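In what follows, a single structure is set out as structure tokens and then discussed.
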Amino acid sequence: MTGKQAADGVRVGLEVHQQLAAPTKLFCACPTTKSEEFPYHFERNLRPAQSELGGIDPAAIFEFSKAKSNMYFWNPESSCLVEADEEPPHPLSDSGLDSALLAAKTLGSNIVDEVHVMRKIVIDGSNTSGFQRTAVVGLGGSLKVDGTLVGVQSVTLEEDAARILGEDESSRRFALDRLGVALVEVALDPVAGDPEFVAKVALHLGRALRSTGRVARGLGTIRQDLNVSLMGGRVVEVKGVQKLNLLPKVVDYERKRQLGLIRIAEKLSGKGLRQIKCKARDVTGVMGGTASKVARRELVDGGKVVAVVATGLGGLMGWEPYDDIRLGKEVAEVARANSLGGIIHSDEFRRQGLSEAEEAKLRAELQSGVDDAIILVAGRPSVVDRCVPLLIARLKEAVSGVPAETRAATESGETRYLRPRPGSQRMYPETDIPNIAITEGLRADLAEHIPEDWQVKVARLQREYSLSEDLAVKVYDSDISAEFERLSRELNLEPSVVASVLVDLPSRLTREGVPESALGLPVLSEVLRAVDSGRTAKEAVPDILKAAGSRGLSVSEAISALGVQLAGESQVRGVVDSVVHKHRPIIEEKGDAAFSLLMGEVMKELRGKADGAVVSRILRERLAELTGKKGN
Amino acid sequence: MEDLAGYKGSSLSFLKKAGASIGDVLEVETSWGVVSGTLVPRYLYGDGDHVVLKLRSGYNVGLDVSVLRSARVLAKGQKPSFSASSPPKPSKGLPRVLIIGTGGTIASRIDYRTGAVHPAVSSADLHSLVPELSGVARVQPEILFNVFSENMRPSHWTKIAQRVRKAIGEGFDGVVITHGTDTLGYTAAALSFALVGVPVPVILVAAQRSSDRPSSDGPINLIAGVSVAGTAGFAGVYVAMHLGESDDKVALHGGTRVRKNHTSRRDAFVSVGVPLAAVWGKSGAEYVSDGLPMRGGSSFAPKTRFEEKVVLMKFYPSMPAGLIKAARKIGAKALVIEGTGLGHVSKEIVRELELFVNGGGLACMTSQCIGGRVDLSVYDTGRDLLHAGVLPLEDMLSETALVKAMWVLGNSRSLGKAKEMMVANIVGETTSRSFPGTPL
């Protein structure tokens, strides 16, 4: 961590959501299939519900105020009436629960004595019921990253949300195939926000979860949320970081953004402003002949324009304490999250085509001086009326720096406003699911299945099989370490050869177009056995697999078809002789330095039919003879 | 002990010793560490070995008291309670609609005693939760009673019918009744008979998803129900429930032809053998069937009594004749038999039914096919049943036939009159023509 970051006191709490490899969804018997087509659909509206403590969640009110309807698309191959919220949930799946408990145990969490499934209100439409079903299964625990212990807050078993297909001003479209798939969520204690360390923590946590052998693999099966705060500041939740390499960028951006907001607040406090006063007025009439394209477009569509005057914010809306961090941008994001595109603030009037005369007229009309910011809010009347109070609330927050909010990570590693942060008001018991007591028997069973710590295992692979750290980690990550160990013991081959055939080669060949299905473990082990028994050379393995994959041949057939049965020593000598003869002038010119060129030529000629080590030995002997003669 | 609701056994004594009440913030020491959270009630059927804390994150976790070493009350808390915000003010000039609450899923929230969904939200709560109502009508919500629909009896039907009669006298433009879904069809039929000739729309509304969840179908059904009750040009008793899976359309089913045909779907209610009475969309009526009685008719002559001693039985292979005898023994005055196919029962049952009729009982036949009409003239068994004095009830639904028999016996002076009323079509409970294509 740099000194600067330590001084900023950035704290990052990671929440990792990992899909479990259960055969069915968490609350019904549907398979976890991804659907491409959705023959059925229906439409729903969600409204906030009262929690057991009487209040309503602010995030829920926010989503309800947007009044969007939700269209759900579904296919019977991947969902049933449970996902459609047309049938009560079935009992919690045993395999989902077992996997989450094992994940908790692996992280050293304390398993709760009785699991209570809760309803977490989520009314952005991503759950047909309006809530996500979720249960804490473990509390506490830790993860060791580079010698530092990172605390685990909780381990939670939950259902995944519906997949969003698209959104417009009035509705959102979701697919139900992913809804109800079992996830385990691990929430970690906040750590000092060194972006690289945060990424490392996520990587370690992912590997620890994979060590249970109970989690799903592949794109989109793991997702990170971040809770980012500056020392003493409010917490910003950033949702949905899909790729690990984006984590450092997101942390960096959020740090910059929050510091920027604090600097804006400091500037306001320097001006002696302890609160921002705002007033709103309809200026549709005044804006009739405006030169602003944005306002004109909305007015042509029957929209209206409301001007919000914010005292003391003149010149501060467009001020950038850091590159691309502006209060104006923050306010515009709140507008956009509410389906309102058209806001223009006074610091950008010229750029947006409003003339000085137009601004003077507006200011006169609104009796506002240049020290005030004017924010023009243009759009459909109902949307404008709904948004103005939200925008005013955001402007007022400028004096306190960083508002507590939920943001989404973008593809480029930035974040954008989603909604206010939810409170604990959003949880209430899922009364359709009985509580589950964790029995002593289950605890004992779990204790027997705790996997070997991944770091210990990687170290062991390095030690026992003389693998490089890189290859050992690859073997670990590939999930076939058991097969690797078995084959390395059985065969008389270098473990590094076994590892690269099992781990490196398949991904390379897939990129070259060999179907993944032709690179299964049985094929890979058969080809390794062929090398081991001297039927072919290890150099021929890629070609054999390619031929087997593209022509649908067995390994033996591919070896015969390619003619890559291992060449005998006399055949190798013959080829070496002819190559050496051909390249005589080069050998005379370069001497031993011609070795690699010649080696390549020989191997090409033999088309992988020979063991590289044998070829190398014979070629070196031959060269020594030649260059030795010359030296005489 | 009220302030430790649901706790019993060792968990109750543990909490008592700690001086804890529901809603307090507790810090408990377990064998593995310290946990703090708000004490929440325990379900009645939960065991006596666990204490349930709501963590700061909002999650509930159960902790085994046998591993709890100590508990300390950090702060006395508020008891969980439901608070409804005050209803919005409706604008004048809108129709007046009475909403009668009777319980059921449309008006329910979580019950900690059982952990199940329970009727608890008042109609007033409901109104404040569905602010759209204020744009549709001036509604006056009131709770008549609060029972699960499976606990409804004819005496409840009488109370509802009497309250509706009074409401008409009070000048309401329509009435909405919120009700549990399970016996909604029975109540709809009962009110159809009891309020024959009713001059305003009387709309029964329910929900298949409880009102404590954001996805409840209740609010939309309620909005449609209030809109129909206040503004529709027709009168009569109807059930307003989702037309399909979507929240966009609400179907109105005639009160004597409606049946719950699915345990959980929003569109569980169907009109059997007849077209829908009407369909309500977001902006009002989208379809209204021909021939519905007009609002304001002058033939309103409510008869709100019901005779409870009526039995509905489903015939099945090997049904013992003793069941009919048993019905006689408990004093049943009428029997509705749901026969097979066109309306058949076994020889033994025919003999018993004859004895029942000869003893002064009213025996009627419907079909367990649900769709179609009974016909006792086609096969020998049918003719035997006719000979035994069993009344075929055309295409009347079995549940409607039960309710009708209760009403007929409650409002007729002689058996002869009762029989006459039983086979007459009074509020559309039978049709004289059947068509292809109508549901069931």
Side-chain angles (χ1 to χ4, degrees), chain A residues 40-56 60 64 69 71-72 81 84-88 110 112-116 118-123 127-131 134-137 139-140 153-154 156 187 422-429 431-432 434-438, chain B residues 23 30-33 35 38 40-41 43 45-47 49-50 52 54-64 67 78 80-85 109-112 114-117 121 125 129-130 208-217 219-220 244-248 262-267:
Chain A
Y40 305 104
H41 69 272
F42 56 88
E43 183 193 338
R44 296 272 169 74
N45 302 303
L46 296 172
R47 55 181 67 227
Q50 302 266 357
S51 91
E52 76 211 72
L53 298 174
I56 300 182
F64 181 58
S69 67
M71 296 291 297
Y72 297 102
L81 287 186
D85 190 42
E86 288 277 43
E87 182 173 295
N110 301 297
V112 300
D113 301 316
E114 196 178 54
V115 174
H116 288 239
M118 305 295 288
R119 296 172 174 174
K120 186 193 274 185
I121 295 286
V122 183
I123 68 164
N127 286 69
T128 47
S129 55
F131 48 74
T134 170
V136 162
V137 298
L139 294 170
Q153 291 182 340
S154 62
T156 309
S424 59
Q425 294 286 17
R426 64 171 172 167
M427 293 275 212
Y428 63 116
T431 44
D432 294 342
N435 305 326
I436 302 151
I438 303 300
Chain B
T30 71
S31 55
W32 42 264
V35 182
T38 305
V40 294
Y43 305 149
Y45 298 119
D47 62 36
D49 305 328
H50 293 86
V52 187
K54 187 180 189 69
L55 307 178
R56 226 159 62 95
S57 59
Y59 282 97
N60 290 4
V61 294
L63 301 169
D64 187 342
V67 298
Q78 62 183 111
S81 69
F82 181 80
S83 61
S85 45
R109 51 193 308 276
I110 306 145
D111 178 5
Y112 291 108
T114 59
V117 171
V121 177
D125 291 336
L129 287 169
V130 189
Q208 286 279 78
R209 297 274 89 74
S210 60
S211 61
D212 60 273
R213 51 177 92 205
S215 61
S216 175
D217 50 330
I220 315 270
E245 288 170 289
S246 292
D247 279 336
D248 56 347
H262 198 277
T263 55
S264 60
R265 271 164 53 166
R266 286 166 172 74
D267 58 356

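Model, not experiment: these values are computed from the prediction. First the proteins, then the strands, lettered A, B, ... as listed; each starts at 1.
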Practice item. With a 4.5 Å cut-off on heavy-atom pairs, point out which of A:E87, A:M71, A:R44 contacts chain B the most. Key: A:R44
Check your understanding: Quick one: salt bridge (Lys or Arg N to Asp or Glu O under 4.0 Å) partners of B:D217, sequence neighbours excluded?
Key -> none
Review point. Can you tell me if A:D85 and B:S215 form a side-chain donor-acceptor pair at under 3.5 Å?
Key: yes
Review point. Between A:T156 and chain B, which part of the residue has a heavy atom less than 4.5 Å away: side chain, backbone, both or neither?
Key: side chain
Review point. Who among A:L81, A:I438, A:N127, A:V122 has the most heavy-atom pairs with chain B under 4.5 Å?
Key: A:L81
**Study point:** chain B contact via A:S129 - side chain, backbone, both or neither, heavy atoms under 4.5 Å
**Key:** both
Review point. Hey, what's the ring geometry for A:F42 with A:Y72, parallel, tilted or perpendicular (30° and 60° as the breaks)?
Key: tilted
Exercise for review: Verify, without hydrogens or angle tests, whether B:D247 (side chain) and A:N45 (backbone) share a donor-acceptor contact under 3.5 angstrom.
Suggested key: yes
Point to revise | Partner set under side-chain contact (heavy atoms from CB on, under 4.5 Å) for A:I436, not counting sequence neighbours | key: A:L92, A:L97, A:V115
Point to revise | Under 4.5 Å from any heavy atom of chain B - which part of A:A187 | key: neither
